[in-house]
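Single-structure report; data block below.
Just so you know, these numbers use all the heavy atoms, side chains as well, and skip hydrogens, waters and symmetry mates.
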Amino acid sequence: MKKLKALTLTIAMIMVAAMPAMAQFRIGPRVGVAVNSMRLDKDVFNNDNRAGFTGGVQAEFTIPVINLGFDLSVMYVHRVSDSNYKGNQLKPSDDPTADLLNSNRYKKRDYIEIPLNIKYKIGLPIVGKIISPYVFTGPSFAFLASKKAITDAYENKSFDVAWNFGIGLQLFTHLQVGASYGLGMTKTVSALTPINGTKVDSKNNYWTITAAWLF
């Protein structure tokens, strides 16, 4: 019995030691679009539904035995946000603040974004090398690359944090196509001085569709 326990422990230690050697590291380009809402039809690519674009590099580290790993990306993101205006309920044409919060200076921002996701690939028998579904989740850290100032009253936040939830498909071991929802955890705009009692409540909540080719 003691010999059996010793043998089992030795095998387990060998497997743990071998995992780093078996792990796969891959890297490649990643591009995509960010959309205001997700619709599972061709309308998702219509101009009135597309909010921006993104492009950069993705690295992936995976342990094939358990199909678990993580990916890290460095992405440039051009994002367009809808404003959530809470003021005196005047029409935008009657309220300069409302005009400001619906202007391009408020809605459009550029970021350098770094998402870090835990990823689990669902192994499929026979067709696993052709198609493999996966799920992922993790934080995303975004650094403002465009102008911070909007006016003397409002400014964009220089740092933004979101949490991503996503699904995807890996095709022919190299192409990964995924969709994720980013839940904003921090405000993207701050009020320096009050105007008409306006409260700014702006967070980057968004869907993103990307494709990556990993070597």
(request) Using a 4.5 Å cut-off on heavy atoms from C-beta on, say whether the side chain of V57 contacts that of I27. (result) yes
Looking at every non-hydrogen atom in both residues, tell me the closest pair between [X] and [Y] and how far apart they are.
X    : Y    : answer
Y206 : S140 : OH-OG, 4.4 Å
T137 : N164 : OG1-O, 2.8 Å
G184 : N205 : N-OD1, 2.6 Å
T173 : K129 : CG2-O, 3.5 Å
G123 : N67  : N-ND2, 3.8 Å
G28  : F215 : CA-CD1, 4.3 Å

Return the set of residues passing side-chain hydrogen bond (donor to acceptor under 3.5 Å, both in side chains) with [X] (not counting sequence neighbours), or none when no residue passes.
X    : result
D110 : Y76, H78
S73  : R30
S146 : none
W213 : none

Which value, rounded to the nearest 0.5 Å, describes the distance between [X] atom [atom1] and [Y] atom [atom2]?
X    : Y    : atom1 : atom2 : value
T210 : Q176 : OG1   : CD    : 8.5 Å
I209 : T54  : CD1   : OG1   : 12.5 Å
L169 : I130 : CG    : CD1   : 13.0 Å
L124 : I122 : CG    : CD1   : 7.5 Å
E60  : R26  : CD    : CZ    : 5.0 Å
L116 : L72  : CG    : CG    : 5.5 Å

Quick one: list whatever passes side chain to side chain contact (heavy atoms under 4.5 Å, CB included) with [X], sequence neighbours left out.
X    : result
P139 : F141, W163
I118 : L68
I167 : V135
S132 : K121, Q170

If you group Ile, Leu, Val, Met, Phe, Trp and Tyr by side-chain heavy-atom gaps below 4.5 Å, do [X] and [Y] land in one group?
X   : Y    : value
F53 : V74  : yes
M75 : L144 : yes
F25 : I63  : no

(message) Who clusters with F136? Use side-chain heavy atoms, under 4.5 angstrom, across I, L, V, M, F, W and Y, and order the result by chain and number.
(response) Y134
(request) List in chain and number order the residues that pass ring-ring contact (aromatic ring centres under 6.0 Å, His included) with F159, two or more places apart in sequence or in another chain; answer none if no residue qualifies. (result) F143
(request) If a pair satisfies salt bridge (Lys or Arg N to Asp or Glu O under 4.0 Å) and one of its residues is in residues 68-77, list it, with sequence neighbours excluded. (result) D71-K119
(message) Tell me which pairs pass salt bridge (Lys or Arg N to Asp or Glu O under 4.0 Å) where either residue lies in residues 162-186, with sequence neighbours left out.
(response) none
(request) Would you check, one step at a time, whether the test ring-ring contact (aromatic ring centres under 6.0 Å, His included) holds for F70 with F61? (result) CA-CA 5 Å; F70 67 87; F61 179 89; 5.6 Å; yes
